[in-house]
Novice: 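What follows is a structure written as structure tokens; I'll ask about it next.
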Protein chains: 2
Amino acid sequence: MKEQIKDKRKAILEAALKLFTERGFHGTSTAQISKEANVATGTLFNYFPTKEDLINSLYFEVKGNLSHAMGKDLEAKGTFQDKLKRIWSNLIKWGVSNQNEFLFVGQFCSSPYITKFTREEVMKEYVFLHNLVDEGIKTGEIRDFPADLVIAMFYQGSRTIVNFILDSDSSQDQNKVLEDGFQIIWRGLAKE
Amino acid sequence: MKEQIKDKRKAILEAALKLFTERGFHGTSTAQISKEANVATGTLFNYFPTKEDLINSLYFEVKGNLSHAMGKDLEAKGTFQDKLKRIWSNLIKWGVSNQNEFLFVGQFCSSPYITKFTREEVMKEYVFLHNLVDEGIKTGEIRDFPADLVIAMFYQGSRTIVNFILDSDSSQDQNKVLEDGFQIIWRGLAKE
DNA sequence: AACATCACTGACTAATCAGTCAATTATCGA
DNA sequence: TCGATAATTGACTGATTAGTCAGTGATGTT
């Protein structure tokens with residue numbers, strides 16, 4: 001028979017993602033993950049020497065997806081506001097259509113797993129956002145706040161919008177909420 | 001000997017709060033909590049029939065503290081902006097000086113423990129904020145956004161500021177950050 | 001002092017945990 | 001086709017888990 005590509009590792013990560021968002025890190029046993037992934041318990045430990053290792057691997061993987069999605073379609077042309085809006089939109093659309101990943105990041109970041117160091121380290125991965133904000137402050141398009149503060153408000157603002165959408169009845173217009181949210185953040189940050 | 005007031009229940013809740021923020025919910029065993037509280041394991045289960053019960057009790061207790069702190073010094077006089085600023089300031093100062101409670105709420109809210117229903121239920125507890133925002137929208141002082149969205153952005157914005165302060169070197173001026181944050185949110189929400 | 005009440009104790013249990021490893025199976029070059 | 005290597009398996013282990021319960025000791029009332 002034609003073998004499906006052997007990707008037990010991926011299956012394990014996917015199972016873990018699903019169960020972690022449903023039951024938390026410690027609430028999910030390695031046995032449950034293995035079962036969900038249709039894999040023996042031993043196989044899990046071939047790929048990830050410890051459970052903690054699995055959690056961290058998953059986190060870095062998901063963060064990679066997130067920061068990749070964030071920078072999509074960020075061509076050079078367009079006003080500063082356009083570019084910021086593009087990132088805003090990218091973040092929110094990624095969160096809405098990758099619900100488990102989105103929730104997992106939130107869970108991980110407010111859990112004791114993550115140290116201040118790790119959090120800062122990962123923030124540095126958001127190159128697009130960092131560069132753009134620095135530029136915006138330099139050119140005076142963003143008012144004179146600490147860059148870190150601007151980034152935090154922007155990033156957490158987009159998370160708030162995703163959560164808002166996920167909690168809403170699906171009847172709500174997601175695009176309207178995305179726009180409203182950006183209006184709030186943009187007017188809050190922009191000069192004028 | 002003069003007996004200290006017997007308050008094993010309180011001791012248990014305090015121990016749980018400390019350990020939960022250090023090690024997470026599932027990462028903390030009932031045995032560890034009992035030990036930290038200088039209490040027998042059986043005693044814990046006298047007060048809280050299950051571990052989950054303990055977690056929920058702690059959550060409601062802490063939430064009570066938070067919403068009480070939020071409404072402090074909210075006398076009738078003062079402009080609309082003053083009142084909103086008062087709440088903003090109350091939230092942030094509570095978070096900064098009650099770090100464990102603050103982190104616990106964050107952890108709980110992004111954990112699978114909390115259901116959408118519970119989250120909405122608890123949001124309704126924020127009477128002050130709800131009333132004020134409704135009023136501000138009615139009088140036109142806040143632009144025409146859905147009230148829930150305004151509340152979410154405001155509340156999460158204040159959390160972002162607390163996290164920012166907690167992660168900063170203590171050299172940073174906390175009041176400056178609190179002010180900057182309010183500027184961002186206020187300009188984002190206010191008409192004109 | 002005698003009794004009743006009840007918060008409290010901690011040894012105990014059945015279940016479950018992360019992680020191991022000897023045995024089995026799949027893969028692939030020659 | 002054969003042998004070597006690597007991937008996979010699941011029964012197993014010692015440690016730990018949430019929760020139990022028979023018993024102890026402190027308290028208050030008469």
Side-chain angles (χ1 to χ4, degrees), chain A residues 1-61 104 107-108 111-115 118, chain B residues 1-61 104 107-108 111-115 118:
Chain A
M1 86 188 77
K2 274 289 185 54
E3 280 302 337
Q4 63 203 8
I5 297 151
K6 267 188 316 177
D7 215 343
K8 310 251 173 191
R9 201 189 114 100
K10 193 165 196 176
I12 291 166
L13 285 171
E14 273 169 16
L17 176 64
K18 184 186 167 207
L19 294 175
F20 284 159
T21 57
E22 278 171 11
R23 323 155 71 100
F25 302 132
H26 283 100
T28 305
S29 68
T30 51
Q32 290 170 323
I33 297 171
S34 307
K35 195 175 173 186
E36 174 79 25
N38 289 313
V39 140
T41 70
T43 305
L44 189 151
F45 290 98
N46 276 349
Y47 289 101
F48 308 97
T50 65
K51 187 187 181 184
E52 188 163 326
D53 209 87
L54 166 61
I55 295 174
N56 282 297
S57 298
L58 182 56
Y59 179 66
F60 279 105
E61 188 123 336
F104 172 76
Q107 217 177 296
F108 190 88
S111 83
Y113 271 103
I114 199 168
T115 62
T118 312
Chain B
M1 86 190 74
K2 273 289 184 55
E3 281 302 335
Q4 63 203 9
I5 298 150
K6 267 188 314 175
D7 215 343
K8 311 249 174 192
R9 201 188 114 100
K10 192 165 195 175
I12 292 167
L13 284 172
E14 273 168 16
L17 176 65
K18 184 188 166 207
L19 294 176
F20 284 159
T21 57
E22 278 172 11
R23 322 155 71 98
F25 303 132
H26 282 100
T28 305
S29 68
T30 52
Q32 290 171 322
I33 296 170
S34 307
K35 195 174 174 188
E36 174 80 26
N38 290 314
V39 140
T41 70
T43 306
L44 189 151
F45 290 98
N46 277 348
Y47 288 101
F48 308 98
T50 67
K51 187 186 179 184
E52 189 164 325
D53 209 87
L54 165 62
I55 295 174
N56 282 294
S57 297
L58 181 56
Y59 179 65
F60 278 104
E61 188 123 335
F104 172 75
Q107 217 176 296
F108 190 87
S111 83
Y113 272 103
I114 199 169
T115 61
T118 311

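Predicted model only: the values in this text are computed from it and were never measured.
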Novice: Backbone N or O of A:Ser29 within a donor-acceptor pair of the A:Gln32 side chain at under 3.5 Å?
Specialist: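 Here the side-chain-to-backbone pair exists.
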Novice: Search all heavy atoms of B:Leu54 against all heavy atoms of B:Leu13 and return the closest pair with its distance.
Specialist: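 Nearest pair, atom of B:Leu54 first, then B:Leu13: CD1-CD2, 3.7 Å.
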Novice: Return the CG to CD1 distance between A:Asp7 and A:Ile12, rounded to the nearest 0.5 Å.
Specialist: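 That separation rounds to 9.5 Å.
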Novice: Under 30°, 30 to 60°, or over 60°: which ring-plane class applies to B:Phe25 and B:Phe20, parallel, tilted or perpendicular?
Specialist: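 Perpendicular: the ring planes of B:Phe25 and B:Phe20 meet at over 60°.
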Novice: By side chain to side chain donor-acceptor pair (under 3.5 Å), which residues pair with B:Lys18, not counting sequence neighbours?
Specialist: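 For B:Lys18 the side chain to side chain donor-acceptor pair (under 3.5 Å) partners, ignoring immediate neighbours, are B:Glu36.
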Novice: Calculate the interatomic distance between B:Phe48 atom CZ and C:dC8 atom C1'; express it in whole Å.
Specialist: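 Value for this atom pair: 15 Å.
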Novice: Provide, to the nearest angstrom, the distance between the NZ atom belonging to B:Lys8 and the C1' atom belonging to D:dA26.
Specialist: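 To the nearest whole Å, that distance equals 11 Å.
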Novice: For B:Ala37 and B:Ala11, work out which heavy atoms get closest and say how close.
Specialist: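 Taking B:Ala37 first and B:Ala11 second, the nearest heavy atoms are CB-O, 3.6 Å.
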Novice: List in numerical order all residues of residues 20-38 of chain A for which some heavy atom is under 4.0 Å away from an atom belonging to DNA chain C.
Specialist: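 Of all residues in residues 20-38 of chain A, the ones placing a heavy atom under 4.0 Å from DNA chain C are A:Thr28, A:Ser29, A:Thr30.
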Novice: Output the rounded distance in Å from CG (B:Asn46) to C1' (D:dG19).
Specialist: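 Distance check: B:Asn46 CG to D:dG19 C1' gives 12 Å.
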Novice: For A:Gly24, does its backbone N or O pair with a side-chain atom of A:Thr28 as donor and acceptor, under 3.5 Å?
Specialist: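 Flag set: sc A:Thr28 to bb A:Gly24 pair under 3.5 Å.
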Novice: Among residues 50-58 of chain B, which residues get a heavy atom nearer than 4.0 Å to DNA chain D?
Specialist: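 By residue number: B:Thr50, B:Lys51.
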Novice: D:dA7 phosphate, OP1 or OP2: any side-chain N/O from A:Tyr47 under 4.0 angstrom?
Specialist: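 No, outside the criterion.
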Novice: Show each protein N/O and nucleotides 10-13 of chain D N/O combination with a separation under 3.5 Å, one pair to a line.
Specialist:
| residue | atom | partner | partner atom | Å |
| --- | --- | --- | --- | --- |
| D:dA11 | N6 | A:Thr41 | OG1 | 3.2 |

Novice: Expressed as a whole number of angstroms, how long is the span from A:Phe45:CZ to C:dC21:P?
Specialist: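 In whole Å, C:dC21 P and A:Phe45 CZ are 13 Å from each other.
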Novice: Could you check whether atom CD of A:Glu52 has more than 12 heavy atoms from other residues, nucleotides or ligands sitting under 6.0 Å from it?
Specialist: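 No, CD of A:Glu52 has 12 or fewer neighbouring heavy atoms, counting only those of other groups under 6.0 Å.
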Novice: Taking side-chain contact (heavy atoms from CB on, under 4.5 Å) as the definition, give me every residue that meets it alongside A:Asp53, ordered by chain and number, with sequence neighbours left out.
Specialist: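 Applying side-chain contact (heavy atoms from CB on, under 4.5 Å) to A:Asp53 gives A:Phe48, A:Pro49, A:Thr50, A:Ser57.
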Novice: For the pair made of CG in A:Leu44 and P in D:dT8, what is the distance, rounded to whole Å?
Specialist: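 These atoms are roughly 12 Å apart.
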Novice: May I have the distance from B:Leu19 (atom CG) to D:dA18 (atom P), rounded to whole angstrom?
Specialist: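 In whole Å, D:dA18 P and B:Leu19 CG are 12 Å from each other.
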Novice: So does B:Glu61 pair up with B:Arg9, basic N to acidic O under 4.0 Å?
Specialist: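 Looking at B:Arg9 together with B:Glu61, the answer is yes, because their closest N to O distance falls below 4.0 Å.
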Novice: Output all residues satisfying side-chain contact (heavy atoms from CB on, under 4.5 Å) with B:Thr30, sequence neighbours left out; order by chain, then residue number.
Specialist: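 Checked B:Thr30 against side-chain contact (heavy atoms from CB on, under 4.5 Å); matches are B:Leu44, B:Phe45, B:Lys51.
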